[in-house]
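Report on the structure given below.
Chain letters run A, B, ... following the sequence lines, proteins first and then strands; every chain starts at 1. Small disclaimer: the values here were computed from a predicted structure and weren't measured.
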Amino acid sequence: MPELPEVETVVRSLRPLIEGRRILSAEFDGSRIFRGSAEGAAAELAGQRIEHVGRMGKFIAIRLDRGALAVHLGMTGRLLFDAEPTKWTHAVFTLDSGTLLYDDPRQFGRIEYGPELPERLLLLGPEPLEVTPQEFARRLKTKRSPVKAALLNQSVLRGVGNIYADEALFRAGIRPDALASRLGRERVLRLHRAVQEVLSEAIDSRGSSVSDYVDAEGRKGGFQASHRVYRRDGQPCTVCGSEIRRIVLAQRGTHFCARCQK
DNA sequence: GTTGTTACCTGTACGC
DNA sequence: TGCGTACAGGTAACAA
């Protein structure tokens, strides 16, 4: 499931392959992946040059010379360069050199096209790797929800998903069901540091391949081997040896060590 | 205004 | 072997 480190890895692998290329044609199937008029978008996309490939939280932001594409990989979305189409290929961008495919079995992903990036992307919270401890603390202070729900809330912080929320809370020694607004200053600072650490390490490992995530060239990530709590329920805690527990919080499987996390 | 819940999706794992 | 069922979870829409 692509979160910030996985999307960042896709963007980094995509950038040298497609930046500067021109879109010759774009085709979309009739699935729910594409928002808006696929035919209109395909007509407008033809002939445009790809100026820049960037990331906003979990969104891939592709700036063109006369418009912008926003791609969200959802749970199982893949942007693949020069790959063979599958029965789950929902979009094909033929470039002047190479082909870009969008594959997505579960169809939780989205592709949007417009003259600018969608406005709601601009309303997302700050980038976790750039947010200051003060701003992070201010945002958590206003949330009367469990801290894990606050971390998953993209208007609080953009890019953290289920894996890295669990891993960051473990590193910070904070229970996922602790109330965000009640966290003391020291704990908030620890969490801020933990979020940045775990995301940076995951980017260095090219993301986590838990189910089927791969980058634009089909390569898996390696950070799943470094998970300390995520999907390790029943196994011993790497720090204290007690059993990692699993609960459901914010409708998500949530993994933590009851002894290390208070 | 804020928080919580549900629908959308299908491949995979598991039990019988 | 084959079938049914639970589970995975990001976002949007809706309910409380």
So which nucleotide from [options] ends up closest to the side chain of [X]?
X	options	value
A:Lys143	B:dT3, B:dC9, B:dG4	B:dT3
A:Lys58	B:dG4, C:dT11, C:dA8	C:dT11
A:Arg120	B:dC8, C:dG10, C:dA12	C:dA12
A:Arg144	C:dT11, B:dG11, B:dT3	B:dT3

- [ ] Please determine, by modelled atom types, if A:Asp104 and A:Thr76 share a side-chain donor-acceptor pair under 3.5 angstrom.
- [x] yes
Open item on the list: Assess, by modelled atom type and distance only, whether the side chains of A:His52 and A:Glu19 contain a donor and an acceptor separated by less than 3.5 Å.
Closed with: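 On atom types as modelled, these side chains qualify, holding a pair under 3.5 Å.
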[atom1] of [X] versus [atom2] of [N]: gap in Å, rounded?
X	N	atom1	atom2	result
A:Asn153	C:dA13	CG	C1'	15 Å
A:Leu179	B:dT3	CG	P	10 Å
A:Leu123	B:dG1	CG	P	14 Å
A:Gln251	C:dC7	CD	P	14 Å
A:Ile33	B:dC9	CD1	C1'	9 Å
A:Phe34	B:dC9	CZ	P	17 Å
A:Lys87	B:dT10	NZ	P	10 Å

Could you check whether [X] gets within reach of a base, just the sugar-phosphate, or nothing at all, counting any heavy atom under 4.0 Å?
X	value
A:Arg35	sugar-phosphate
A:Gln107	sugar-phosphate
A:Arg110	nothing
A:Gly253	sugar-phosphate

Check whether any side-chain N or O of [X] sits under 4.0 Å from OP1 or OP2 of [N], and answer yes or no.
X	N	result
A:Arg32	B:dC8	no
A:His72	C:dG10	no
A:Trp88	B:dC9	no

Open item on the list: With a 3.5 Å cut-off and heavy atoms only, can you find an N or O donor on one side and an acceptor on the other between the side chain of A:Arg252 and the base of B:dT6?
Closed with: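 By the distance-only test, no, there is no pair.
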Open item on the list: Quick check on side chain to side chain contact (heavy atoms under 4.5 Å, CB included): which of A:Arg193, A:Arg138, A:His192 does A:Pro133 satisfy it with?
Closed with: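 When A:Arg193, A:Arg138, A:His192 are each tested with A:Pro133, the side chain to side chain contact (heavy atoms under 4.5 Å, CB included) holds only for A:His192.
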- [ ] Identify the two heavy atoms, one from A:Ile244 and one from A:Arg232, that lie closest to each other, and give their separation to 0.1 Å.
- [x]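 Nearest heavy atoms, A:Ile244 then A:Arg232: CB-O, 3.4 Å.
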Task: Lys/Arg N to Asp/Glu carboxylate O, A:Arg21 vs A:Asp96, below 4.0 Å - done: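 Salt bridge flag = yes for A:Asp96 with A:Arg21.
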